[in-house]
Amino acid sequence: MQPAELITSEEKILRWWQENRIYEKARALRKGGKAYAFLDGPPYATGSIHMGTAWNKILKDAYLRFWRMRGRDVWDQPGYDTHGLPIENKIEQQLGFKSKADIERFGVANFIRKCREFVEKFVPIQSQQFANLGVWMDWKNPYITYSNSYIEGAWHTFKMAFEKGLLYKGVFPVHVCTRCETALAYNEIEYTTLTDPSVYVKFKVKGRPSEYLLIWTTTPWTIPGNTAVMAHPDFEYARVKVGNEFLIIAKDLVKTVLGKAKVEGQIVGTMKGKDLKDTEYEHPLLDLVPALQNLRGAHRVVLSPRYVSAAEGTGLVHTAPGHGWEDYQVGKENRLPLVSPIKQNGTFDSSAGKWLEGKHAKAADPAILDELKKRGSLFHVDSITHDYPKCWRCSTPLLQFSVPEWFFKVEQMRKQLLAESAEVNWIPKWAGDRFRNWLESLGDWPISRQRYWGIPLPIWEDSKGHIEVIGSLAELRKRAGLKNEIDLHKPEIDGVKFECNKCGLEMSRVPEVLDVWFDSGAASWASLGYPARKDLFKKLWPSEFQTEGPDQIRGWWNSQLIMSMLTFGRAPFKNILYHGFILDLHGVKMSKSRGNIVAPEQVIEKYGRDVLRFYLLSFPPWDDVSWNWDDVDDVFKLFTIWANCARFVEAYVENKGAKRPARLNIEDEWILSRINSILSDGTKAAEGYQIFKLSQAARDFVIHDFSRTYIKLIRDRVAPGYSGKDRAAAEYALVTVLRILNRAMAPIVPFLTERIHQNLLRPLEKRESVHMLDWPEADKKAIDKELEERMAAALEISEAINGARAAAKIKLRWPVRKAILVSKDKVAQAAAKDFASVIQLLSNAKEVEARTAEPREPSGMPINEFGRGKVFLDTTRDEKLIEEAMIRELIRKVQAMRKESGLNVKERIVLRLKGDERVLKILKKWQTEIESGTTAKAVKIGELEGERKGELDFEGRKVSIGF
Ligand SMILES: [Zn+2]
Ligand SMILES: [Zn+2]
């Protein structure tokens with residue numbers, strides 16, 4: 001089989017499914033069955049799919065198909081994430097925008113329209129790409145996060161949080177992308193490597209001439225926000241004389257710090273950190289920064305055993321509560337003022353002083369260092385290369401500063417979140433541990449974003465600070481007396497105003513939109529139209545199955561759980577299959593810049609969809625995949641073998657609908673036991689969301705058990721013209737195996753199995769498509785594990801015999817008189833007895849003898865050792881064995897000639913053979929064997945005729961061949 005053949009057939013099947021509405025029919029067939037609540041993690045509708053998203057959907061599809069075959073009424077709605085920076089950034093790029101000012105100039109309404117057009121265009125394109133992988137989902141009815149009904153689902157939760165007192169407006173440091181001009185949540189932060197200044201600054205101790213606290217920072221722009229210095233209460237601090245000055249530094253760090261600055265110094269005294277408590281200092285830039293002036297309780301030493309380490313710096317930590325989470329915590333404990341003189345776009349505001357106003361914080365580092373140097377406060381400047389947070393969408397390095405934001409009180413929910421997550425079935429278990437670790441570290445969730453294309457915060461506010469939260473469109477209509485249809489996005493929603501119930505002042509919506517993770521977090525109910533409609537929610541919530549990648553620990557699963565706890569007090573999911581990333585062969589993440597991307601289309605063009613699917617479904621999904629083209633090629637080879645097996649059945653089985661005969665040969669019992677074992681184990685694996693075990697088992701089965709062993713064993717039993725009693729049993733076994741295999745593999749390789757179904761099995765299965773069949777039930781009575789074990793031993797014995805043959809250079813076609821097994825292994829002994837016929841056939845030995853002791857005269861006998869013992873070959877030949885070897889060679893020669901001349905197996909030939917007298921005698925004696933071996937219509941001995949001629953020379957016995 002050529003790849004092109006596979007690909008063409010897949011395209012034909014895709015069309016056939018569509019033209020005959022096979023997907024719709026397969027769904028309709030299960031209507032009314034027990035519901036299967038699947039929830040699709042919504043990808044961003046940003047254009048084209050990649051290998052990661054393809055893998056994700058293929059995994060989902062395999063399980064949806066499996067459960068559908070199990071009779072479940074599968075909810076297979078796909079979803080798309082359509083709001084937020086991922087989309088806004090695309091439009092900004094399209095329009096060449098650099099900042100929010102560009103958007104405002106362009107007009108918010110125009111910008112929103114562009115965003116909407118973008119997702120409207122790409123949702124169907126992306127659906128088409130997924131469908132092309134053979135993914136059967138309800139592509140005509142996806143849930144889309146920008147629809148009004150979806151927005152209502154999110155508002156509902158928002159209002160619940162408000163009513164439960166879990167929403168507040170606060171000021172504390174958050175990570176801000178100054179290009180996107182918005183705060184980001186902890187799960188939106190990625191890291192990059194940056195080089196920053198590494199700065200040692202002297203803070204003069206009040207009332208002590210020439211004495212300084214030495215602090216260290218890598219963010220000089222936060223020095224205008226400094227309100228304290230942290231010391232560790234238990235550390236030993238040294239007073240170090242350097243020149244005419246005294247510096248206070250943690251004793252253990254003195255050598256390192258002085259060494260870096262290349263200065264000499266002497267320790268002239270020591271003290272405990274706790275003795276430094278409340279030591280006041282003069283901020284070196286105080287007179288230049290209005291925000292630092294007239295503060296209460298600022299600029300003193302505070303103690304923190306948690307955040308001061310002796311690993312780096314000076315042991316005295318620069319503390320700016322407006323610019324760091326840890327600083328903020330310590331600030332709260334010590335009632336330090338919070339100073340954050342920075343605007344959303346990252347520039348200093350007027351409270352930083354004229355000298356900094358309007359400058360971008362990072363760009364102001366040199367000016368700040370210059371000023372410190374001028375004032376003699378700079379002890380040493382160096383540089384440092386470290387991990388630094390960056391924006392997940394535009395890669396701009398983030399700054400931490402404080403702007404007023406709306407927060408959810410997540411920290412106080414932690415206990416319930418942890419308890420609820422323990423109820424979820426995580427596959428594998430350790431993914432659940434990861435999730436719990438993540439939950440342990442949760443802080444309050446900043447949910448407001450100063451952006452445009454998103455779910456608007458449903459908060460209305462008046463100038464007195466009275467607020468009202470709206471939970472649905474109906475509520476808003478009533479409250480604001482709306483008559484017309486309204487789109488719930490900016491700027492339209494911002495035009496909706498109403499009077500305050502308390503004071504009569506006008507209430508306007510706050511300008512922010514929601515964190516986009518809030519959108520997808522509501523998916524399990526908003527996708528079902530809840531709260532407006534309740535019927536689907538009743539049937540399909542919580543979701544039974546979700547599968548996504550590692551990002552969703554802190555992303556989607558995080559926001560889903562928090563929001564579901566807020567709304568319903570329980571987790572929205574029951575089974576979660578965690579999958580990894582797709583990497584290149586060397587384990588490196590695929591990326592455009594590295595040029596190591598493998599696109600799904602590439603694989604489809606080269607090998608087709610099913611090869612891609614099987615490959616991706618054949619290993620534990622929780623491990624990262626290192627893409628390996630050689631393994632992909634092996635999948636194609638497997639398909640070739642599989643297709644050949646199907647063709648073999650098609651060509652040789654005369655009665656495909658045969659019932660099980662009363663008597664089976666032992667090899668038939670074995671192959672039926674094997675396929676049923678695989679089915680039984682595979683069913684359990686698929687139920688436990690480990691379908692890769694089924695793929696792996698099926699692969700081994702097709703290659704080793706079915707193709708290389710069973711078909712070899714029964715070839716003669718289904719040869720044309722053979723009419724022995726055991727023919728029916730072989731035909732029955734062949735068809736049964738193929739039928740089970742085809743059904744069980746349908747979720748994994750829907751095209752290949754459909755093709756085999758249409759070409760061969762449809763009249764037996766009596767359904768239009770393989771995907772309308774039920775999942776096969778394993779025949780428990782057919783399973784005999786001991787039999788399988790004995791057969792495995794028989795195969796090992798045969799292999800050992802063939803190894804001995806190879807070493808002695810005896811062709812497999814030439815029979816040997818006897819193979820002797822010497823083994824104390826009980827299974828091997830039983831195998832040699834029960835499977836003697838199999839071993840004889842596979843190793844072409846006339847007799848198999850099993851012993852526990854070695855034969856007395858083994859000299860000259862070829863020997864081979866294997867796991868279960870030893871085999872000896874009795875190679876003595878009598879005339880009969882020689883003749884048989886000759887006849888085997890003759891048959892092989894004739895078959896080779898047929899193949900060369902392009903005749904197929906069904907074309908019967910009249911074979912003519914000639915030779916000297918001795919040869920003629922032999923040929924006559926073996927006429928029947930020659931006839932059946934070559935499937936010749938007739939064998940005429942003593943004449944030579946025909947278009948095709950050849951000759952066999954077997955150890956001096958010459959046969960002329962013609963047909
Ligand atoms: Zn950004
Ligand atoms: Zn009011």
Side-chain angles (χ1 to χ4, degrees), residues 44 46 81 83-104 106 111 114-115 118 162 167-169 173-194 221 342-347 360-363 387-401 403 405 446-454 457-470 475-476 479-481 496-519 551 554-555 593:
Y44 283 106
T46 50
D81 229 337
H83 279 145
L85 284 179
I87 310 298
E88 287 195 23
N89 285 167
K90 290 270 179 197
I91 305 302
E92 286 183 274
Q93 277 164 23
Q94 259 180 29
L95 300 173
F97 288 177
K98 299 229 149 42
S99 72
K100 266 161 78 170
D102 292 329
I103 297 173
E104 299 282 345
F106 183 65
F111 187 70
K114 284 272 182 195
C115 290
F118 183 90
F162 172 69
L167 174 72
Y168 70 96
K169 193 175 192 174
V174 285
H175 282 92
V176 177
C177 173
T178 57
R179 197 216 67 85
C180 299
E181 292 184 44
T182 186
L184 299 179
Y186 33 76
N187 54 7
E188 294 175 316
I189 295 164
E190 287 176 2
Y191 285 85
T192 183
T193 309
L194 270 193
W221 60 270
I342 292 179
K343 292 198 286 195
Q344 198 79 252
N345 64 6
T347 63
H360 191 271
K362 273 241 167 202
D387 284 340
Y388 193 87
K390 65 167 185 175
C391 175
W392 67 310
R393 295 316 305 178
C394 74
S395 291
T396 303
L398 302 177
L399 302 185
Q400 258 186 302
F401 52 81
V403 281
E405 296 287 348
I447 40 100
S448 44
R449 296 290 178 276
Q450 295 73 23
R451 296 297 305 186
Y452 306 95
W453 177 239
L457 255 71
I459 304 175
W460 270 257
E461 206 176 17
D462 67 16
S463 56
K464 284 195 176 162
H466 296 139
I467 69 169
E468 208 170 304
V469 171
I470 301 291
E475 190 186 337
L476 183 68
R479 187 67 181 84
V496 179
K497 302 189 191 246
F498 44 81
E499 271 176 19
C500 174
N501 283 333
K502 286 181 189 143
C503 69
L505 284 175
E506 189 181 63
M507 303 193 94
S508 310
R509 200 188 69 82
V510 302
E512 288 91 352
V513 296
L514 276 164
D515 176 359
V516 69
W517 289 100
F518 196 94
D519 292 32
D551 293 352
R554 55 181 205 157
S593 58

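Note that ligands are numbered from 1 as they come in the structure, with each ligand's atoms numbered from 1 the same way. Numbering starts at 1 and runs along the sequence shown. The shown structure was predicted, so the numbers you read here are calculated from the model rather than taken from an experiment.
- Considering CD of Glu468 and NZ of Lys502, their distance stands at 8.0 Å, rounded to 0.5 Å.
- Not counting sequence neighbours, the partners of Lys362 by the side chain to side chain donor-acceptor pair (under 3.5 Å) test are Asp196.
- Every residue two or more places apart in sequence or in another chain that forms a side chain to side chain donor-acceptor pair (under 3.5 Å) with Arg509 is listed here: Asp494.
- Within a radius of less than 2.8 Å around the Zn ion (ligand 2), the protein N, O or S atoms are Asp462 OD2, His466 ND1, Cys500 SG, Cys503 SG.
- Excluding waters, the set of protein N/O/S atoms under 2.8 Å from the Zn ion (ligand 1) reads Cys177 SG, Cys180 SG, Cys391 SG, Cys394 SG.
- Arg393 has no carboxylate O lying under 4.0 Å from a charged side-chain N of Glu88, or vice versa, which leaves the two without a salt bridge.
- Using a cut-off of 4.0 Å between Lys/Arg side-chain N and Asp/Glu carboxylate O, Arg179 and Glu92 are scored as salt-bridged.
- Considering every non-hydrogen atom in both Ala183 and Val174, the closest pair reads CB-CG2, 3.9 Å.
- Atoms CD1 and CG, on Ile467 and Leu457 in that order, are 10.0 Å from each other to the nearest 0.5 Å.
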(Q) Would Asp387 and Thr193 count as a side chain to side chain contact (heavy atoms under 4.5 Å, CB included) here? Give the steps. (A) CA-CA 5 Å; Asp387 284 340; Thr193 309; 3.8 Å; yes

Q: Could you walk me through whether Trp460 and Arg479 pass side chain to side chain contact (heavy atoms under 4.5 Å, CB included), step by step?
A: CA-CA 11 Å; Trp460 270 257; Arg479 187 67 181 84; over 6 Å; no

